[in-house]
Amino acid sequence: MNIQETINKAIRAGLQEIYNVDIENVEFQATRKDFEGDITVVVFPFLKVIKGNPVEIGTKLGMYLTDNVTEITKFNVVKGFLNLVLSDAYFIENFEKSYQIDNFGIKEPESGEKSVMVEYSSPNTNKPLHLGHIRNNLLGYSVAEIIKASGKKVYKTQIINDRGIHICKSMLAWQKWGNGETPDSTSLKGDKLVGNYYVKFDQEYKKEILDLVSKGYAEDDAKKQAPLLLEAQEMLQKWEASDKDVVDLWKEMNQWVYDGFEQTYKALGVDFDKNYYESDTYLLGKDIVAEGLQKGIFYKKDDGSVWIDLTDDGLDEKIVLRSDGTAVYMTQDIGTAIQRIKDYPDVGGLVYTVGNEQDYHFKVLFLILKKLGFDWAKNLYHLSYGMVDLPSGKMKSREGTVVDADDLLLDMTNTAKEISEDLGKLEGYTDGEKASLFKTIGLGALKYHILKVDPKKRILFDPKESIDFQGNTGPFIQYTYARIQSILRKADFDFAVVSNGNETVLEDKEKSVLKQLALFPEVVQQAAENYSPAVIANYTYDLVKEYNSFYQSIPILAAEDEQEKIFRVQLSKKTSEVIKSAFDMLGIEVPERM
RNA sequence: GGUGGCAUAGCUCAGCUGGAUAGAGCACCUGCCUUCUAAGCAGGCGGUCCUAGGUUCGAAUCCUAGUGCCAUCACCA
């Protein structure tokens with residue numbers, strides 16, 4: 001039984017005894033900093049059943065609790081708030097218990113518990129990754145790790161959009177203007193090379209449109225009839241007919257892109273357990289639609305197209321199969337979801353990390369899967385996140401107004417390098433160690449900057465304003481970790497043993513850190529429930545702030561009393577372990593020195 | 001127009017299922033490196049929580065209406 005349950009029980013008994021009433025739910029909150037106390041009981045709700053003034057009720061209850069609960073030593077009442085002071089012994093004992101636990105706050109999956117599959121990234125293979133993809137990748141990876149830490153087995157996956165008209169555009173432009181360029185011949189990353197031809201296509205295509213318009217075409221017609229577009233469409237048809245030349249070129253150029261993505265993923269530190277390719281899945285789902293048609297979930301229009309009517313659910317009618325029998329995105333997504341559960345029968349739910357521009361799509365998709373009667377359909381979650389915008393507005397690959405992922409990662413590392421070298425604390429480090437540290441810090445700054453924001457909020461990114469390395473930032477937290485490591489290296493005595501807590505009187509600063517540490521397991525669960533790395537980030541920041549305040553004002557290795565010294569080193573060690581666990585969930589590394 | 005999301009300090013963001021005087025960081029100003037790493041600590045300045053109603057002992061939080069920004073409503077994805 002935890003302390004809150006103990007107190008809750010005591011309050012019920014106390015109110016029974018004093019007022020002869022039974023109250024089921026007692027409202028607790030952490031005591032605010034400006035008042036003395038550790039846990040606060042809100043008295044106001046009692047007024048509904050007990051007549052009287054809140055201060056008097058609080059006082060009587062406080063007296064009862066101090067007499068009957070050993071952990072409670074003192075109390076005070078302010079307005080309708082009963083502030084309870086818990087004993088130092090309670091905090092110390094509680095800490096010593098968690099000190100023994102290796103992965104404090106992290107739960108192991110229970111047998112029989114269903115797994116979760118998290119999809120993220122899911123890029124198109126016609127252009128390099130940009131800042132928007134970075135947010136997606138960081139979020140997806142982090143949420144997967146958080147769910148894992150909360151006690152579920154997780155599979156990370158992506159679906160690679162490797163086919164379609166957009167790919168053909170790059171291919172066509174390369175054929176026309178590429179002169180046989182390859183990543184090797186140009187020393188360009190494959191995704192960059194292919195992206196350049198995607199841009200090239202768009203430029204030439206726009207010229208053709210202008211040309212047609214000047215010849216008297218209406219703009220809409222010009223867009224549809226520009227020779228380049230027609231040629232790209234023809235190429236797509238050839239691809240679908242498995243034309244050897246087209247397929248060969250498609251394979252070659254896609255491979256260039258995959259090699260490029262691989263580098264970016266590696267630099268970002270994200271990974272996948274399973275890749276799905278649209279070229280394998282785009283035909284999936286058609287038989288499901290046929291089934292659903294029989295069951296009457298879908299209906300066929302006169303032209304042969306198949307629809308679902310969702311007006312009763314407050315949505316519109318949605319097409320699930322074209323009149324020519326080909327699949328639309330929805331068809332594919334239905335099929336892919338089912339395929340995934342087939343591939344991984346232990347999976348009981350799917351998480352889709354996709355931008356909020358597709359909110360509607362996923363609402364419809366989930367509803368359709370529910371109507372089709374899959375029991376796992378209730379465990380589908382669209383991890384919807386806000387766009388990353390520039391001061392100039394939306395990022396557009398075709399118009400070149402994007403913050404390139406590789407460039408940004410490099411920038412961050414370089415900034416970390418400049419700051420580190422200015423501070424000059426790295427004597428004795430090899431160049432290799434330094435390079436790796438700069439990466440750790442630079443990426444830490446970027447990842448934290450993005451993940452600390454609530455996923456659903458949009459992020460405005462100004463490339464001219466650099467990301468901070470001070471205050472509520474990744475490097476600030478990394479720095480605290482490094483300082484603790486320094487203490488642990490210097491602590492050349494045995495601090496593994498549990499100290500004899502009864503003799504120790506806690507300093508306020510120690511108590512604050514203890515309280516914050518104790519919250520960690522709960523925070524992990526909360527972050528998982530909310531699919532929110534921001535919860536982890538903000539918690540860690542609060543922990544580190546408390547710890548730094550403690551570090552600055554209280555001697556640790558220089559503590560006079562041996563027991564105190566051991567306890568403070570333990571406290572430091574546990575803090576650094578929680579920082580590491582938390583940052584693991586954010587995909588951020590922690591340094592030994594910095 | 002219909003639907004959904006967002007709106008908190010000059011800027012970037014917290015604020016859990018309603019609770020005490022709305023919190024951090026950046027920026028600006030003051031102090032603190034002969035003591036465990038100053039990427040730090042302590043303090044100051046700074047707020048009509050978009051507006052107006054409502055529910056409640058109590059609203060930044062819940063409800064209604066409005067305003068602003070964004071997204072979406074295609075045989076696109």
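For the numbers below, each heavy atom of this structure counts, side chains included, while hydrogens, waters and symmetry mates do not. Below, chains carry the letters A, B, ... as their sequence lines are ordered, and counting in each starts from 1.
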From the set [options], return the single nucleotide nearest to any side-chain atom of [X].
X        : options             : value
A:Tyr541 : B:A14, B:A24, B:C41 : B:A24
A:Tyr479 : B:G19, B:C36, B:A39 : B:A39
A:Phe469 : B:A39, B:A20, B:C41 : B:A39
A:Tyr551 : B:A20, B:U72, B:C36 : B:C36
A:Glu357 : B:C26, B:A71, B:C36 : B:A71
A:Ile487 : B:A39, B:A24, B:C36 : B:C36
A:Leu460 : B:G19, B:U12, B:A39 : B:U12
A:Tyr360 : B:C57, B:A14, B:U72 : B:U72

Taking [atom1] from [X] and [atom2] from [N], how many angstroms apart are they, rounded to a whole number?
X        : N     : atom1 : atom2 : answer
A:Asn538 : B:G15 : CG    : C1'   : 9 Å
A:Phe567 : B:C36 : CZ    : C1'   : 17 Å
A:Ile477 : B:G40 : CD1   : P     : 11 Å
A:Ile556 : B:C41 : CD1   : P     : 14 Å
A:His449 : B:A14 : NE2   : P     : 12 Å
A:Asp468 : B:A39 : CG    : P     : 15 Å
A:Lys464 : B:C26 : NZ    : P     : 23 Å
A:Leu367 : B:U3  : CG    : C1'   : 14 Å

Reading nucleotides 58-63 of chain B from 5' to 3' and marking B where a protein heavy atom lies under 4.0 Å of the base, S where only the sugar-phosphate is that close, and - otherwise, the string is ------
Given the ring of A:Tyr385, does A:Lys456 sit roughly above its face, with NZ or CZ under 6.0 Å from the centre of the six-membered ring and within 45° of the axis?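 No, A:Lys456 does not lie over the aromatic ring of A:Tyr385.
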Within the 4.0 Å heavy-atom criterion, would you say [X] contacts the bases, only the backbone, or no part of the nucleic acid?
X        : result
A:Lys79  : sugar-phosphate
A:Ala482 : base
A:Pro45  : base
A:Ile554 : base
A:Ile441 : base
A:Met387 : nothing
A:Thr40  : base
A:Glu522 : nothing
A:Val453 : sugar-phosphate
A:Gln358 : base
A:Asp389 : nothing

Check A:Lys74 with A:Glu36, please: is the shortest side-chain N to carboxylate O separation under 4.0 Å?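 Answer for the salt bridge query: yes.
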Does A:Glu577 pair with A:Lys574 as a salt bridge, N-O distance under 4.0 Å? yes
Test applied, side chain to side chain donor-acceptor pair (under 3.5 Å); reference residue, A:Asn254; option that passes from A:Asp162, A:Thr125, A:Asn126: A:Thr125
Using atom [atom1] of each nucleotide, how far apart are [N] and [M] to the nearest Å?
N     : M     : atom1 : value
B:C16 : B:U8  : P     : 16 Å
B:U61 : B:C6  : C1'   : 15 Å
B:G23 : B:G66 : C1'   : 30 Å

Using a cut-off of 6.0 Å, state whether more than 12 heavy atoms not belonging to A:Glu522 lie near its atom CD.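 Open: at most 12 neighbouring heavy atoms sit under 6.0 Å from CD of A:Glu522.
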For atom NZ of A:Lys434, is the number of surrounding heavy atoms from other residues, nucleotides or ligands below 6.0 Å larger than 12?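 Correct, the count exceeds 12.
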Ignoring backbone atoms, test whether [X] places a side-chain nitrogen or oxygen under 4.0 Å from the OP1 or OP2 oxygen of [N].
X        : N     : value
A:Ser486 : B:U37 : yes
A:Ser549 : B:A42 : yes
A:Lys457 : B:U12 : no
A:Arg322 : B:C76 : yes
A:Asn548 : B:C41 : yes
A:Lys456 : B:A71 : no
A:Arg32  : B:G23 : yes

For B:C11, glycosidic torsion class - syn if within 90° of 0, otherwise anti: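 B:C11: anti glycosidic orientation.
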Below 4.5 Å, heavy atoms only, C-beta onward: do A:Lys318 and A:Phe298 meet side chain to side chain? no
Is the ring centre of A:Phe35 under 5.5 Å from the base ring centre of B:A20, and are the two planes under 30° apart, so that they stack? yes
Looking at A:Arg322, is its backbone amide N or carbonyl O close enough to the side chain of A:Thr326 to form a donor-acceptor pair, meaning the two atoms are under 3.5 Å apart?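 Looks like no, no N/O pair under 3.5 Å.
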Per the salt bridge (Lys or Arg N to Asp or Glu O under 4.0 Å) rule, which among A:Lys394, A:Lys396, A:Arg458 passes with A:Asp389? A:Arg458
Encoded 5' to 3' (Watson-Crick or G-U under 3.5 Å; [ ] crossing; | other strand), RNA chain B becomes (((((((..((((.....[...)))).(((((.......))))).....(((((..]....))))))))))))....
For the atom pair CD (A:Glu546) and OG1 (A:Thr480), what is the distance rounded to the nearest 0.5 Å?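 Going from CD on A:Glu546 over to OG1 on A:Thr480, the span is 12.0 Å.
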5'-most by nearest nucleotide on RNA chain B - A:Asn124 or A:Glu317: A:Glu317
A:Val535 or A:Lys363: which one's nearest nucleotide on RNA chain B is closer to the 5' end?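 Result: A:Lys363.
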Suppose we screen for salt bridge (Lys or Arg N to Asp or Glu O under 4.0 Å). Which residues come up paired with A:Lys515, at least two apart in sequence or across chains? A:Asp38
Indicate, with yes or no, if the rings of A:Phe44 and A:Phe81 have centres closer together than 6.0 Å.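 Between A:Phe44 and A:Phe81, the centre distance is under 6.0 Å.
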Under 6.0 Å between the ring centres of A:Phe550 and A:Tyr547? yes
For A:Phe201 and A:Tyr198, run ring-ring contact (aromatic ring centres under 6.0 Å, His included): C-alpha distance rounded to whole Å, both residues' side-chain angles, the deciding distance at 0.1 Å, then the answer. CA-CA 5 Å; A:Phe201 176 94; A:Tyr198 184 64; 7.4 Å; no
Less than 3.5 Å between a donor and an acceptor, one on the side chain of A:Asn83 and one on the base of B:A20, is that the case here? yes
Counting distance alone, no hydrogens or angles: does the base of B:A39 have a donor or acceptor under 3.5 Å from a partner atom on the side chain of A:Ser420? yes
